[in-house]
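In what follows, a single structure is set out as structure tokens and then discussed.
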Amino acid sequence: MENETEYVVLFPFMAQGHFIPFLALAQILDRKRYTVVFVNTPLNIKNLLKSFPPSSSSINFAEIPFDTSDHGLPHEITDSLPYNLIPRFVEATPSLKLPFRNLLSDLIDIHGGEKPLCVISDFFFGWAADVAHEFGVFHLIFSCTGGFGMACYYSMWMNLPHRFCDGDEFLLPDFPEAGRIHVTQVTPAMSMAGENDPFTIFLQKNFVSWTNSDGLLLNTVEELDKLGLMYFRRKLGFPVWAIGPLLLSEEDRSKTGRQSTINSKQCIQWLDKKDPKSVLYISFGSQNTIPAPQMMKLAKALNSSSRNFIWVIRPPLGFDINSEFVAEEWLPEGFLQNIHEQDKGLVISKWAPQVEILAHKSVAAFISHCGWNSVLETMKYGVPVIGWPIGADQLYNAKFLVEQAKVCVELGRGVDFEVTQEEIVDKIELVMGENGEGIRRKACEIQEMVRDAIRDEENFRGSSVKAVEEIFIAAL
Ligand code: UDX
């Protein structure tokens with residue numbers, strides 16, 4: 001069997017949005033008969049082991065201690081932590097350098113002195129390149145985001161260009177015209193940050209350390225994301241590979257963390273009753289949420305729109321994300337009862353089987369915060385987007401979807417924008433109504449492009465399939 005003695009070390013950041021593409025990559029490597037060592041903190045490994053027992057694949061899990069007590073943080077990071085603590089965990093991750101070095105050394109000992117073929121670390125862990133190289137091991141950075149979104153995010157944090165802008169727009173350094181950013185697209189964390197902000201210092205240092213690596217992997221598609229890929233190829237001077245879309249099946253994904261709060265059969269049965277392409281799906285990803293007044297306007301718009309919908313609701317901004325559903329405070333009186341009586345909408349508290357919903361023939365459009373996993377999923381199933389990005393790379397992913405992929409209309413940006421009920425209904429109609437034919441057709445074209453990238457057939461091998469092979473030739 002080819003590759004059976006080769007092993008590859010994968011080390012993602014401790015969040016669901018990062019686990020998903022890393023596990024999808026692990027499954028590809030497993031199919032190619034590489035042994036995978038998936039490194040993470042004890043609690044995350046414990047959770048993953050429940051679902052991916054050692055007997056079920058050649059993915060092995062290795063624990064790394066992450067003592068965050070010096071940083072005044074809870075000892076472990078898991079997906080149920082409040083979103084606003086995440087940057088502080090990210091800033092603390094360079095303290096993992098020594099434990100990772102020890103772990104790599106132990107792994108080499110366990111393998112009788114044989115080094116891993118490659119270490120692939122999260123884009124937050126640029127420092128892992130130095131550790132891998134100390135042992136003479138090939139190292140790759142894996143960015144689970146898209147090319148254009150990551151390129152904008154990188155350039156923004158490296159240059160902080162918004163500080164020199166006195167108008168409404170500015171052009172990102174080293175970008176063509178497509179890198180023109182409106183001030184409302186500066187991510188909230190960055191608009192408040194200056195040069196001495198700890199997260200800025202962390203990210204700048206981290207992005208500089210990327211250049212010590214041997215290459216960059218992006219969870220995107222070569223044919224679709226040319227601008228972002230070109231940016232990094234020019235900037236970093238080492239190979240950049242597009243290996244996406246790396247997505248997990250619904251079944252495997254539910255194993256990585258949160259479980260759907262609705263029985264997926266019940267959800268699919270509800271969709272089965274609806275006409276093809278007649279349902280709007282609304283979700284703001286795994287961590288984000290909108291404020292109560294925006295939630296109220298969205299609910300009123302859904303009431304006045306003629307469209308069917310599925311809405312994943314979680315507590316609005318300012319409420320504990322784990323708190324129980326308190327509809328009266330966030331939704332118009334009688335909203336849930338009305339939609340139930342009319343069988344017009346399905347409200348799911350906290351967590352839905354998103355992939356199964358997007359794959360269903362009744363789904364016509366997606367109001368999304370444009371987190372990259374959601375973007376890949378919606379493109380894979382040819383569902384056009386009504387973008388409502390909240391922060392981070394989402395603002396640039398939305399820009400990419402509108403201007404480059406042309407499968408999205410933007411509804412709003414961030415949590416402070418003023419939106420009217422009428423504007424929401426208009427945007428829904430723009431995508432789901434008669435005038436949305438163009439955008440719907442484009443979404444089908446993009447769907448083909450995204451599916452082709454991972455086609456591996458005798459007479460057709462997609463660009464991402466070929467890229468994965470190139471990586472291992474480079475690593476040898
Ligand atoms: C985070 C960052 O917010 C985002 O900017 C970055 O691009 C990726 O990491 P997240 O908010 O988790 O993203 O959103 P997204 O990338 O869309 O990932 C969410 C995942 O959870 C998707 O795979 C989605 O299918 C899944 N999900 C979300 C569900 O299965 N059910 C839900 O109810 C909500």
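Both ligands and their constituent atoms are indexed starting at 1 by order of listing. These values consider heavy atoms only, across backbone and side chains, with no hydrogens, waters or symmetry-generated copies.
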For S283, atoms of ligand 1 separated by under 4.0 Å from a heavy atom: 34 (C)
Proximity to ligand 1 by part of I348, non-hydrogen separation under 4.0 Å: neither
Within reach of ligand 1, part of S286 (heavy-atom separation under 4.0 Å): both
D174 with K235: basic N within carboxylate O range, under 4.0 Å: yes
Side-chain heavy atoms of H360 within contact of V279, under 4.5 Å: no
Whether F11 and F100 hold their rings parallel, tilted or perpendicular, with breakpoints at 30° and 60°: parallel
Sidechain N-carboxylate O distance under 4.0 Å for E445, K442: yes
D393: numbered ligand 1 atoms lying under 4.0 Å from its heavy atoms: 4 (C), 5 (O), 6 (C), 7 (O)
N or O contact, Q394 vs ligand 1, cut-off under 3.5 Å: yes
Per atom 32 (C) of ligand 1, closest listed option by heavy atom (S349, G146, A352): A352
Enumerated ligand 1 atoms positioned under 4.0 Å from heavy atoms of I20: 23 (O)
Sub-6.0 Å ring centroid separation between W388 and F417: yes
Proximal atoms of ligand 1 relative to N288 (non-hydrogen, under 4.0 Å): 3 (O), 11 (O)
Any K350 heavy atom less than 4.0 Å to ligand 1: yes
Nearest option to atom 18 (O) of ligand 1, as decided by whichever heavy atom of N373, L376, L248, I310 sits closest: N373
For ligand 1, the portion of Q16 having any non-hydrogen atom under 4.0 Å away: neither
Q354, any N or O under 3.5 Å of ligand 1 N or O: yes
Gap between atom OH of Y154 and atom CG of L216 - 0.5 Å precision: 9.5 Å
Backbone or side-chain N or O of H369 under 3.5 Å from ligand 1 N or O: yes
Numbered atoms and elements of ligand 1 in range of V312, under 4.0 angstrom, heavy atoms: 33 (O)
Salt-bridge criterion met for K274 and D343 (N-O under 4.0 Å): yes
P173 to Y231 - nearest heavy-atom pair and separation: O-CE1, 4.2 Å
Any P245 side-chain heavy atom under 4.5 Å of E377 side chain: no
